[in-house]
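Worksheet: the structure to be examined is printed underneath.
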Amino acid sequence: MARVYIETYGCALNRGDTGLIIDVLRSRGHTIVERLEEAEVFIVNTCTVRSETESRMIDRIKALKEIAAASGGKLVVAGCMAKAQPYLVAKAVPEASIVSPQNASRIYLAVESPSRTLLLVGERDRAVVAKCLMDRVGLIAIQEGCLGNCSFCIVKNARRRIVSYPLEAVVKAAEDLVSLGAVEIELAGQDTGVYGLDIYGKQALPLLIKSVAEVSGDFMVRVGMLNPNTIIPIVDELMDALRHRKVYKFLHIPIQSGSDRVLRAMNRSYTVDECRSLIKELRSKVPDIAIATDIIVGHPGESDEDFEETLRIVEELDFDRVHIAQYTSRSNTASAALRQVNSKLRKKRLRNLNKVVERVCFKKHEAMVGSIVEAFVTEKKGDSYTARTINYTPLVFKSGSDLRGKWVEILVKSATFFDLRGEVVST
Ligand code: SF4
């Protein structure tokens with residue numbers, strides 16, 4: 001049996017896959033170790049979403065190769081880079097085993113084999129759910145794959161086909177996480193809106209949310225990212241699911257740009273007007289809902305005017321959180337072939353958008369200073385805790401006792417664009 005060290009990079013899907021890998025390896029008698037010096041097998045679960053991530057991954061893989069070679073150990077490269085760019089991995093570390101995300105449940109074959117193992121074809125085993133628990137916060141990757149073919153996206157080359165885990169398996173995973181102490185469960189996915197299309201022939205996210213929320217225990221459900229075009233057909237059922245008392249009134253809806261011209265170049269399947277109507281409907285029918293979004297700055301073809309439209313839509317739709325990414329060109333994507341926006345201009349636009357986002361988000365948070373809000377405590381670092389309001393706004397406070405899993409009342413004393421700070425007035 002081997003002592004296995006795992007490093008994980010990237011998004012919620014990779015964190016879910018690492019949880020799956022740990023479950024599978026432990027069930028076969030292997031030990032997961034925290035320190036490199038203790039390991040015989042080194043697994044790196046890679047991300048390749050941006051070009052800087054790609055370089056960082058290659059550097060880290062090469063460093064781990066040296067460490068593995070010095071101790072006579074074995075290196076296994078898993079995750080999105082393994083699937084989307086196996087040629088880069090093989091060039092950097094020719095002796096490493098390579099395992100795609102879809103083969104995460106079969107990674108033991110690479111760990112246990114004395115020779116180099118390539119697991120790059122084959123489908124995900126729906127019987128083994130990708131889930132993990134970080135301290136008291138749980139995550140279940142309910143699906144991977146999307147309906148889209150966005151021209152900038154490399155992720156689709158790693159996780160193209162829609163694969164959802166059966167509803168009963170997700171509920172069982174939630175029960176397991178709650179029994180281990182989870183006070184929050186994130187239902188994560190590449191586009192959670194398409195959950196169920198592959199196995200039930202219809203979008204089943206609202207039913208899944210309610211089913212998980214009905215698991216007994218003191219925890220809250222957080223719905224992961226979903227695209228505007230996949231929400232539109234299920235918006236009524238989704239709003240109904242969000243009204244459940246154990247579900248955060250929070251959605252993460254990546255609009256990516258405020259310009260229809262850029263959305264077309266990105267091959268996104270919706271218009272700015274459709275986003276506008278959707279978000280206004282959500283805000284009017286789910287009181288206090290918070291909406292986060294993603295914006296890509298400097299996609300090829302983005303003019304000054306297009307960028308101004310993005311600034312305007314961020315203000316108009318009053319997003320509660322905005323994840324901004326500067327566009328970087330990715331291999332084997334259509335956007336890489338388009339005329340690129342020069343990097344100086346991309347950086348300038350990034351700074352401008354950051355300023356607008358900080359102002360918009362700060363204004364919302366500042367309005368809460370002086371009020372007493374109810375929040376659910378989920379995280380602890382020393383004597384510092386993070387609680388979440390019903391719409392998932394983070395509220396940081398100090399406490400001498402462990403309040404995780406409890407609703408508390410907190411007086412909001414200060415705000416940043418990112419979170420609130422306060423003190424408990426009643427538990
Ligand atoms: S919806 Fe678009 S950006 Fe998202 S994973 Fe699919 S192809 Fe990539």
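Whatever order the structure lists them in is the order used to number ligands and atoms, beginning at 1.
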Handout entry: Metal check, atom 2 (Fe) of ligand 1 vs C153 N/O/S, cut-off below 2.8 Å
Key = no

Fill in the blank from the handout: Any heavy atom of C150 under 4.0 Å from ligand 1? The part involved is both

Handout entry: Under 3.5 Å side-chain donor-acceptor pair for S335 and H299
Key = yes

Exercise for the section: Assess the side chains of N391 and D288: does a donor N or O sit below 3.5 Å from an acceptor N or O? Expected result: no

Handout entry: Protein heavy-atom partner closest to atom 5 (S) of ligand 1 - residue, atom, separation in Å
Key = Q190 NE2, 3.3 Å

Handout entry: Distance filter under 4.0 Å to N227 heavy atoms, resulting ligand 1 atoms
Key = 1 (S)

Handout entry: Enclosure of K172 NZ (heavy-atom neighbours >12, cutoff 6.0 Å)
Key = no

Practice task
Please verify whether a non-hydrogen atom of D191 lies at under 4.0 Å from ligand 1.
Solution key: no

Problem - ligand 1 atoms in contact with F152 (distance to a heavy atom under 4.0 Å) - result: 3 (S)

Problem - Between Q256 and Y270, a side-chain donor and acceptor under 3.5 Å - result: no

Exercise for the section: Assess R268 for proximity to ligand 1: is some non-hydrogen atom of it under 4.0 Å away? Expected result: yes

Handout entry: Option among L25, I22, T8 that satisfies the side chain to side chain contact (heavy atoms under 4.5 Å, CB included) test with I43
Key = L25

Problem - Contacting atoms of ligand 1, where contact means under 4.0 angstrom from a heavy atom of C146 - result: 1 (S), 5 (S), 6 (Fe), 7 (S)

Handout entry: Heavy-atom neighbours of D198 CG exceed 12 at 6.0 Å
Key = yes

Completion exercise
In ligand 1, the atoms that come under 4.0 Å of a heavy atom of K156 are 7 (S)

Exercise for the section: Using distance alone, with no hydrogens and no angle criterion, decide if D260 and T271 have a side-chain donor and acceptor under 3.5 Å apart. Expected result: no

